[in-house]
Amino acid sequence: MMNTAQQVKNPSSSLKSRFITRFLGALTKINAEDPISSPSPTRIFQLYRRIKVASNKSMAYSVRSRRIWSRAMLSRFRSRRSAFSGRRSSVKTTNCTTTNVTINENKTAKGGLDMQTDELRELVPGGEAMDVCNLLDETAHYIKCLTTQVQVMRKIVDFCHLSKKSSM
């Protein structure tokens with residue numbers, strides 16, 4: 001078992017470093033395949049979409065199949081890829097059941113909690129099939145991962161901005 005000091009020495013053990021490695025690789029590939037030639041609005045939107053997908057894929061692959069939301073996201077990417085290639089994909093679904101649900105779902109419609117839960121299910125990948133306890137757990141982890149994405153992207157922008165200033 002690794003202790004905390006060993007985990008710090010081994011950066012590949014952290015979610016952030018796994019995400020950074022995958023995301024920077026994806027950005028490099030995007031830039032190598034099609035560098036910006038004309039900054040038209042259509043071209044900028046296309047790049048935006050590719051970067052967004054690369055970011056989401058990188059995060060889902062970094063989490064691997066440990067979480068329901070990452071499995072849902074990965075199966076969505078696989079099904080899109082197979083739809084374009086003409087292949088069929090099989091989507092693995094998991095059945096999440098919890099015995100400790102303290103909220104009676106029949107009573108939640110009165111307080112509006114059911115509506116909020118449904119809205120949350122739409123936001124979290126794979127949330128449609130989760131009970132309330134798993135949904136809240138997956139939501140907390142998904143928010144942590146989204147925060148990591150934002151932090152990394154901000155650092156990339158800051159780095160690019162600084163390198164652009166220093167080259168002037």
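Quantities reported herein were computed from a predicted structural model and do not represent experimental measurements.
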Would the distance check show the side chain of [X] and the main-chain N or O of [Y] forming a donor-acceptor pair, the cut-off being under 3.5 Å?
X      : Y     : value
Arg18  : Ser62 : yes
Gln149 : Ser55 : yes
Ser70  : Val63 : no

Note to self: Check Asp118 with Arg121, please: is the shortest side-chain N to carboxylate O separation under 4.0 Å?
What the structure shows: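 Judged by the 4.0 Å cut-off on N to carboxylate O distance, Arg121 and Asp118 do form a salt bridge.
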
Margin query: Check Arg50 with Glu33, please: is the shortest side-chain N to carboxylate O separation under 4.0 Å?
Written below: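 Answer for the salt bridge query: yes.
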
In one Ile/Leu/Val/Met/Phe/Trp/Tyr side-chain cluster, 4.5 Å: [X], [Y]:
X      : Y      : value
Ile143 : Ile68  : no
Ile20  : Val150 : no
Ile44  : Met153 : no
Leu146 : Tyr61  : no

Check: Does some side-chain heavy atom of Leu136 sit less than 4.5 Å from a side-chain heavy atom of Met130?
Finding: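 They are not in contact (no side-chain heavy atoms under 4.5 Å apart), so the answer is no.
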
Margin query: Just so I know, are the side chains of Leu123 and Glu119 near enough to count as touching, which here means a heavy-atom distance under 4.5 Å?
Written below: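 Heavy-atom side-chain distance check fails, nothing below 4.5 Å.
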
Check: What's the shortest heavy-atom distance between Ala26 and Ala54, and which atoms?
Finding: CB-CB, 3.7 Å

Checklist line | Where Met59 and Leu15 come nearest, the two heavy atoms and their spacing | finding: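 The pair with the smallest heavy-atom distance is SD-CD1, 4.0 Å.
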
As an exercise, state the distance from [atom1] of [X] to [atom2] of [Y], rounded to the nearest 0.5 Å.
X      : Y      : atom1 : atom2 : result
Arg67  : Leu74  : CZ    : CG    : 14.0 Å
Ser163 : Asp158 : OG    : CG    : 10.5 Å
Arg76  : Met73  : CZ    : CE    : 6.0 Å
Phe19  : Lys57  : CZ    : NZ    : 13.5 Å
Leu47  : Thr42  : CG    : OG1   : 11.0 Å
Glu138 : Leu120 : CD    : CG    : 11.0 Å

Margin query: As a quick check of understanding, evaluate side-chain contact (heavy atoms from CB on, under 4.5 Å) for Lys16 and Gln151, giving each step before the final call.
Written below: CA-CA 9 Å; Lys16 188 181 264 186; Gln151 290 171 348; 3.0 Å; yes

Note to self: Looking at Arg154, I'd like to know if its CZ atom is crowded, meaning that more than 12 non-hydrogen atoms belonging to other residues, nucleotides or ligands lie closer than 6.0 Å.
What the structure shows: no

Checklist line | Criterion side-chain contact (heavy atoms from CB on, under 4.5 Å) on Leu24 and Ile156, from CA distance to verdict | finding: CA-CA 9 Å; Leu24 288 178; Ile156 291 171; 3.8 Å; yes

Notebook entry, point to check: Out of Thr139, Asp137, Asp131, which one pairs with Leu135 under the side-chain contact (heavy atoms from CB on, under 4.5 Å) rule?
Noted result: Thr139

